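Reading through the structure tokens given below for one structure.
Keep in mind that this is a model prediction, so the values were computed, not measured. Naming: A, B, ... by sequence-line order, numbering from 1 per chain.
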2 protein chains.
Amino acid sequence: MALQLAVSSVILALRPSPDDDGDDGGGVLGLWIPLVRRIREPYEGRWALPGGPLGEGCGLEQAARNALTTSTGLDPAYLEQLYAFGGLDRSRDRENEGPDPDRVVSIVYWALVRAEEDQAAVRAHNVEWFPVDALPDLAFDHIQVIDYALARLRAKILYSPIAHAFLPTEFTLAELRAVHEAVLGRELDPANFRRQTLASGGVEPTGRRLEGTNHRPPSLYRYRAESVATSPTPPPRSAS
Amino acid sequence: MALQLAVSSVILALRPSPDDDGDDGGGVLGLWIPLVRRIREPYEGRWALPGGPLGEGCGLEQAARNALTTSTGLDPAYLEQLYAFGGLDRSRDRENEGPDPDRVVSIVYWALVRAEEDQAAVRAHNVEWFPVDALPDLAFDHIQVIDYALARLRAKILYSPIAHAFLPTEFTLAELRAVHEAVLGRELDPANFRRQTLASGGVEPTGRRLEGTNHRPPSLYRYRAESVATSPTPPPRSAS
DNA sequence: TCAAAAGTGTTTGAACTACACCCATGC
DNA sequence: GCATGGGTGTAGTTCAAACACTTTTGA
């Protein structure tokens, strides 16, 4: 009956797709999400977004970072508030009707993380990664929350240098294009992508080249300092 | 020390600007916001966004509607969640440092209302309307919240039929253009605005004309049913 | 007849698409 | 050489800005 406030996160990483038949090195990239298995009613045993109650000692964004670290062991390269949910039918398993639960308001963040090699090592208990196009049955309406986060990502990559969050500091335009293609789910013309990206001014050549390919070595680029951002557009600091 | 959850709203209406020297009928339109004077510390006596604690019996959006009705007596023609604020320095008057206050998380909505004639009659106690370009000193960092809402409105009017919220069911293209000009703060080419608006398909002619002008009577238009929306893009219903 | 706004047409330039083509490297 | 992706050039299209121009009403 007391008011509860929870924070959860849609965490997105890029990894080779599971349907990658070919055993060649690269493979097609796809989006993956870590989910946690619920150990309490409602929806016990179902997969859900990682999160938890808002701690006493931290703000909303910090709480989202904590959930993120717990489930992935990584720092988010990008973190933005998605939406605050607070309907009255909340926290209620609509399949198993029970007594009226506590009122829960939850604030959802979405995050982008760079897929590190040691990520599998930090795989926490009860946490598993799923490709976004092969998600299991989810608790609550988390599937809609994920869809909303994906829509936001796909919209934002068109006008924001957000792909930076998936890449190392130096990268080739082909790698950058692969990120865009994975997020948008369609192929892009390499020539036009190059022109638009360079014309936008968000990226600049480092002067180095990537050696070791079996073809012409591509130039390496980095994001210009002004264009990167861990925080999103312009949400103010606080309010009441 | 207990967790408090509050909901407040940036309510925007379109009215003739105060700097309208000429006494002609029309006048230049501008955005206005209702503010309430605080009757408690912190920031007692300062103007603030209307709002209040989240009631037991209603969801977040309903709570925003309630605050809106209290301060304007109007129904919102458009209502969308803006942001959830929950920093640790919240609810603290930074000029008069006091003892640690309760932890307050507040969820802010933004709303568009049609300016009705009887709106002045419903002017509630402690509520006053201000033009957005002549706001008084505000409590907390509400000025930044308002700036954020304005940025969202200006961005959204470019790709969304949101101007509908400021207009009656039938309107001329000049009236629609005046709404866009007031929101964007610059003049628009009537010819190009007409072509773009009609080509977008969001609007259709009613067949009627507006009589009584002292020039050629303009056609009346209405928004097509599919393009209007009281709710925003696509936020899901609930979550945990 | 004139002022004023409605409404139409036309030119220009920017930006994107599609696709042809050359370049540089490993094999 | 030749396959492969890096990188450039270019014609066609779409779209919006700018602005000249015609139309229709009230006064």
Worksheet item: At under 4.0 Å, does any side-chain N or O of B:Thr213 touch on OP1 or OP2 of C:dA6?
Response: no

Worksheet item: Contact class for B:Thr172 (heavy atom, under 4.0 Å): base, sugar-phosphate, or nothing?
Response: nothing

Worksheet entry | A:Ala174 side-chain proximity, nearest of C:dG7, D:dG6, D:dA27 | D:dG6

Practice prompt. I would like to know whether B:Ile11 and B:Leu74 meet side chain to side chain contact (heavy atoms under 4.5 Å, CB included); could you show each step before the answer?
Written response: CA-CA 10 Å; B:Ile11 302 163; B:Leu74 299 171; over 6 Å; no

Practice prompt. Mind calculating the distance between CZ (A:Phe171) and P (D:dG6) to the nearest angstrom?
Written response: 14 Å

Response to the item:
Sorted by number, residues from residues 187-198 of chain A placing a heavy atom under 4.0 Å from DNA chain C are A:Asp189, A:Ala191, A:Asn192, A:Arg195, A:Gln196

Discussion item. Ring centres under 6.0 Å, that's the criterion: do B:Phe171 and B:Tyr223 meet it?
Written reply: yes

Item to complete: Between A:Pro218 and B:Arg186, just flag the one whose closest nucleotide in DNA chain D comes earlier from the 5' side.
Response: A:Pro218

Practice prompt. Evaluate whether atom CD of B:Glu204 has more than 12 neighbouring non-hydrogen atoms of other residues, nucleotides or ligands under 6.0 angstrom away.
Written response: yes

Discussion item. Show the nearest heavy-atom pair for residues A:Pro50 and A:Leu35, with the distance to one decimal.
Written reply: CD-CA, 4.5 Å

Worksheet entry | Within-4.5 Å side-chain heavy-atom neighbours: B:Ile162 and B:Val183 | no

Worksheet entry | Identified stems (criterion: three or more consecutive Watson-Crick or G-U pairs, under 3.5 Å), DNA chain D | C:1-27 with D:1-27

Worksheet entry | Any donor-acceptor N/O pair under 3.5 Å between C:dA24 base and A:Arg216 side chain | no

